[in-house]
Structure formats: C-alpha cells, structure tokens
Protein chains: 2
Amino acid sequence: MKELLYLKDDQLKDLIEKIFVGYRETFSDSKKILDKYSIGLAHQKVIHLLSMYEGISISKLLAKLKVTKQSLNRVLKDLIKLEIVVFKKDEIDTRIKHVYLNEKGKKIFEEIFLLQKKRIYNALLDSSSEEVINFDKVLKKIING
Amino acid sequence: MKELLYLKDDQLKDLIEKIFVGYRETFSDSKKILDKYSIGLAHQKVIHLLSMYEGISISKLLAKLKVTKQSLNRVLKDLIKLEIVVFKKDEIDTRIKHVYLNEKGKKIFEEIFLLQKKRIYNALLDSSSEEVINFDKVLKKIING
DNA sequence: TATAATATGTCAATATAACTTACCTATAAT
DNA sequence: ATTATAGGTAAGTTATATTGACATATTATA
C-alpha cells in the first residue's frame, strides 16, 4: 500500500496545498457582492448554511461553523442590521431559536451563490459523473477522517 | 447536462460546504504543534510552501499565498526569530531573495506535517486509486476554473 | 420540588491575520 | 536616462476569532 504514489509525502503536500487553494478560490469569487453589502467571509458562511438548513438552531450553527457563540453573535447582529434574518422560537422547547433567511436574505444569498457556484459548476460540468462522485467520496472521507 | 443531479444548486451548496469543512479540518489537526512554537495558520502555510518549493522567491511566495507583502513579512519575521528560515540572494539577479527552511525548520515542518497528513493519508488509503486520481482531477479543475 | 443541564446572550479584553496607503532602496531592463 | 521589478517598512485599520466570566430562561432529572 505505502508504495502508492499518492501516499508519498510529496503528493500529500501537493494535495494539502490544493485543498487550501481550492477553498480560498471558492470563497473569494463572490467578494464583490459581499463588499456591496459590507459583509465578509464569516457572513457568507452563515448565509450559506441558513440557505441549506432553513430554521437551523443556534447551537447547530455553532457546531457546523466551529466558532464560539460570541463570534457567531457578531455576525448574526450584522445580519439583523441588514434585515435579512428572522428567528422563531421552537414551539416545544422554547429555549431553542430557529434562524431563517427572509426574502431579502434569500435574494442576497442567490446573488452571492450565483458568483460562487460558477467555479464549482464549471469544474463539474467539465468532469465525468464518475469523477464527480469520486471527488465527493474522497472529500467526505477527508472530513470524517 | 443541467439535469445531472450534482449540477443542481443543492448539490453545489453541499459541495461548497464540504470544501470549507475539508479545508478547515485539514488545517486544524496540527494546532497543538503550532501552539508549541507560538505560531499560527499563516506560519504553517508559509512553512508548508517552503518545504514544497525550496528556495522559492518572495514574489512567488506572495503569488501562491495571495496576501500582501506586509502580511507575509510579519510571518517571515516570526520565522526568523524562531531561527528556522534562511535567505540566499539570487546569483544572477541579486534583487531576488530565495527562502529556505534550515534543518530546524525542516524538523518543525515534519512535526506539523506528521499530524496534518494523517487525515489525508487515511482518506486516500481508504480509497481506490481511481477515486484518488479523480479527486485530484476535479480539485485541479476547481482551482483552475 | 430542588437541582442540574441546556440553549442562548453578553461584556471585556486580547489575538491573529489580514488590509490600505504611502513611501523607500536596490537592481535590472529598455 | 528612465522605467520596471524585487523587496522592505511604517502607521493605522479591519475582520474574525479567541478566552473568561457571568446572566437568563427553560427543560430535564434526582
């Protein structure tokens, strides 16, 4: 096993560099839109998650972002000022707060996402379905490692 | 083409989230070692590149990192204080400064890399060579998109 | 019912990494 | 001689995150 080319240090280093660059590029394409609304990368990530997980709770957002609640709170306050998020208390357990993007928020997300997804979309369009499936598989394994 | 499942917005969102998480996890495994030397993520990235591209010039480092030279300089000064980098002027064009890790630097890199590579190594070990090759292919396309 | 755990919020101080703007030297290329 | 390139630096600022401490409300449990 160990003699496999891609398990050699040089290949691992190369992959790690690519993971970094891939992330950075994927999250920088939409910078102009973020600037337009005077928000940053942290806000983009929260908006992204809110669009994926409608009504997600604060604690689940924290778990996904892996930041402190103080840090998340700063971002949420900015999104409240922008008037793009709404909250609803859980009907059963009222300690839990569910977070949603409102219509304005969804529109801003679409603006961001339109630019951000292009890079991924084009990469996948230029790949076979097997390549895409394998990309996803390995990425999952990296995450769950 | 557009009806392919993985080209739908929901799948693209999912992939983008994974790209973020994959990056974050890949660059957080070695935090304990970084703390030991009182350095951070920015230093880790520079050390990583120095280990990959021995004698890289300042401007090429800047191009790879996509940060300002003021930002890189702060990091390099810390690495100088740690006594792990050395510089050599280009023999032909003396404006160019080549940056190297010295022996101590290489050892510290290995300490960091030992922890960092585990996640990637295990993910690849758990994958077929085709999966790995396709992962690399798609990642390249994302970067060059 | 008393107590513990959970979900969330907030204050204050600090750290990390980056930025902008501006200006500087040295060297190389035209 | 002029311009371009490689690199350095100073001052101030911004973005994102941290730690630690403390607070409130609600739910779960002994």
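Each chain gets a letter, A, B and so on, in the order the sequences are listed, and its residues count up from 1. This is a predicted model, so every value here is computed, not measured.
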Could you tell me whether the phosphate oxygens of [N], OP1 or OP2, come under 4.0 Å of any side-chain nitrogen or oxygen in [X]?
X	N	value
K89(B)	dG7(D)	no
H43(B)	dA17(C)	yes
R74(B)	dA17(C)	yes
T68(B)	dC19(C)	yes
K77(A)	dT10(C)	yes
N73(B)	dG7(D)	no

Quick one: sort the F113(A) and F109(A) rings into parallel, tilted or perpendicular, breaks at 30° and 60°.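 Aromatic pair F113(A)/F109(A) classed parallel.
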Take the protein atom [atom1] of [X] and the nucleotide atom [atom2] of [N], then report the distance between them rounded to whole Å.
X	N	atom1	atom2	value
F27(A)	dA18(C)	CZ	C1'	18 Å
F87(B)	dA26(C)	CZ	P	19 Å
L61(B)	dA18(C)	CG	P	12 Å
D35(B)	dA15(C)	CG	C1'	12 Å
L34(B)	dT18(D)	CG	C1'	16 Å
L65(B)	dA17(C)	CG	P	12 Å
D90(A)	dT27(D)	CG	P	9 Å
R24(A)	dT16(D)	CZ	C1'	18 Å

Does the pair [X]/[Y] count as a salt bridge with the N-to-O cut at 4.0 Å?
X	Y	answer
D93(A)	R95(A)	yes
E111(B)	K32(B)	no
D35(A)	K31(A)	yes
D9(A)	K117(B)	yes
D136(B)	K18(A)	yes

Let me know, please, whether V75(B) or K69(B) comes out on the 5' side of the other along DNA chain C by nearest nucleotide.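 Per heavy-atom nearest nucleotide, the more 5' residue is V75(B).
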Within the 4.0 Å heavy-atom criterion, would you say [X] contacts the bases, only the backbone, or no part of the nucleic acid?
X	result
L72(B)	nothing
K66(A)	sugar-phosphate
I92(B)	sugar-phosphate

On DNA chain D, nearest-nucleotide positions of D78(A) versus K60(B): which is more 5'?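 Between the two, 5'-proximity favours K60(B).
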Dump the pairs, protein N or O against N or O of nucleotides 1-6 of chain D, anything under 3.5 Å, distances to one decimal.
unit_1: dT5(D); atom_1: O2; unit_2: R95(B); atom_2: NH1; d: 2.7

Side-chain donor or acceptor of Q70(B) under 3.5 Å from a matching atom on the base of dG7(D)?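 For Q70(B), whose side chain was compared with the base of dG7(D), there is no donor-acceptor pair (under 3.5 Å).
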Pick from I47(A), N102(A), L50(A), V75(A): which one makes a side chain to side chain contact (heavy atoms under 4.5 Å, CB included) with V85(A)?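 The single option meeting the side chain to side chain contact (heavy atoms under 4.5 Å, CB included) with V85(A) is L50(A).
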Using a 4.5 Å cut-off on heavy atoms from C-beta on, say whether the side chain of K106(A) contacts that of E54(A).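 Of all side-chain heavy-atom pairs linking K106(A) with E54(A), at least one is under 4.5 Å.
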